[in-house]
Amino acid sequence: MRRAALAVAAAGLLAGATACSSEPDGPELSVSGAFVPEPVSEAVAGGFLVLENTGGEDDALVGAVSEMAEKVELHETVENSMRPVDSLAVPAGGSLELARGGNHLMLHGLTHKPVEGDTVPIELTFEKSGTLTIDVPVASATHTGR
């Protein structure tokens with residue numbers, strides 16, 4: 001029951017989470033499937049989501065901030081090793097998946113440990129589309145997004 005309520009809440013929170021470029025054929029971004037697994041401590045949490053770009057121009061995720069974290073980093077995972085990066089591409093007509101074991105957000109220095117059912121506000125910054133603020137639901141620690 002709680003999992004179904006979380007899914008409904010997530011869908012409602014993310015409905016309308018879009019960022020548009022001022023260019024008519026520019027990037028058209030939307031967010032789906034966002035979640036933060038309940039972290040084990042206040043030290044760090046991961047953030048996962050899918051960014052879809054239905055527009056005619058590439059964009060890039062170039063930063064993120066949250067009032068619940070001292071800093072948010074963009075990470076990529078290469079050969080089972082994660083590392084911070086300056087940007088992640090969101091191709092025109094394509095998507096960028098931030099998922100467990102792959103590219104993701106790392107929230108460092110949390111103000112408190114969020115628990116399942118909470119939401120984490122995250123502001124995403126894009127190279128061309130400006131900023132997009134989303135309220136990301138906190139899911140169980142074992143949630144995979146699928």
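Taking 4.5 Å as the limit, some side-chain heavy atom of Val31 sits within range of a side-chain heavy atom of Leu132. Residues Pro37 and Ser140 are not in side-chain contact: their nearest non-hydrogen atoms beyond the backbone lie 4.5 Å or more apart. For the pair Ile122/Leu105, a side-chain contact is recorded, criterion being any heavy-atom separation below 4.5 Å from C-beta on. Val115 places none of its side-chain heavy atoms less than 4.5 Å from the side chain of Val138. The side-chain heavy atoms of Leu49 and Ile134, taken from C-beta on, include a pair separated by under 4.5 Å.
Among residues two or more places apart in sequence or in another chain, the side chain to side chain contact (heavy atoms under 4.5 Å, CB included) test is passed with Ser87 by Ala60, Val62. For Asp59, the side-chain hydrogen bond (donor to acceptor under 3.5 Å, both in side chains) criterion is met by Ser129, not counting sequence neighbours. In terms of the side chain to side chain contact (heavy atoms under 4.5 Å, CB included) criterion, residue partners of Thr144 (sequence neighbours excluded) are, by chain and number, Arg146. Legend: residues meeting salt bridge (charged side-chain N to carboxylate O under 4.0 Å, His left out) with Glu52, ordered by chain and number and at least two apart, are absent. With sequence neighbours left out, Glu70 forms a side chain to side chain contact (heavy atoms under 4.5 Å, CB included) with no residue at all. Annotation: salt bridge (charged side-chain N to carboxylate O under 4.0 Å, His left out) contacts of Glu76 (sequence neighbours excluded): Arg83. For the side chain to side chain contact (heavy atoms under 4.5 Å, CB included) test, residues two or more places apart in sequence or in another chain that qualify with Val65 are Glu123.
Between the side chain of Ser66 and the main chain of Pro121, a donor-acceptor pair closer than 3.5 Å is present. Counting only distance, with no hydrogens or angles, the side chain of Asp25 and the backbone of Gly56 share no donor-acceptor pair below 3.5 Å. Distance alone, capped at 3.5 Å, is enough to place a donor-acceptor pair between the Asn53 side chain and the Val90 backbone. Of the possible donor and acceptor atoms, one in the side chain of Lys128 sits under 3.5 Å from a partner among the backbone N and O of Asp58.
Closest heavy-atom contact between Glu57 and Gly26: OE1-CA, 3.5 Å. The minimum heavy-atom distance between Pro114 and Asp118, with the atom names listed, is CA-OD2, 3.6 Å.
To the nearest 0.5 Å, the span separating OG1 on Thr142 from CZ on Arg100 amounts to 7.5 Å. Expressed to the nearest 0.5 Å, how far CG of Leu88 lies from CD of Glu127 amounts to 12.0 Å. Atom CG in Leu51 sits 6.5 Å away from atom CG in Leu124 (nearest 0.5 Å). Here the CE atom belonging to Met68 is positioned 4.5 Å from the OG1 atom belonging to Thr111, to the nearest 0.5 angstrom.
Sorted by first and then second residue, the pairs that involve residues 37-47 and meet salt bridge (charged side-chain N to carboxylate O under 4.0 Å, His left out), not counting sequence neighbours, are Glu38-Lys113. Legend: ring pair (Phe, Tyr, Trp, His ring centres under 6.0 Å) pairs involving residues 37-60, not counting sequence neighbours, sorted by first then second residue: Phe35-Phe48. A ring pair (Phe, Tyr, Trp, His ring centres under 6.0 Å) check over residues 59-83, counting only residues at least two apart or in different chains, returns the pairs His75-His104.
Here Val44 is tied into one hydrophobic group with Met82, Met106, each link being a pair of ILVMFWY side chains closer than 4.5 Å.
When each of Leu110, Asp135, Leu107 is tested with Val120 by the rule side-chain contact (heavy atoms from CB on, under 4.5 Å), just one qualifies, namely Leu107.
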Apply side chain to side chain contact (heavy atoms under 4.5 Å, CB included) to the pair Leu29 and Phe126, showing each step before the final yes or no. CA-CA 10 Å; Leu29 304 177; Phe126 299 91; 3.5 Å; yes
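In this structure, Val50 is not a member of the same hydrophobic cluster as Leu61, with clusters built from ILVMFWY side-chain heavy atoms closer than 4.5 Å.
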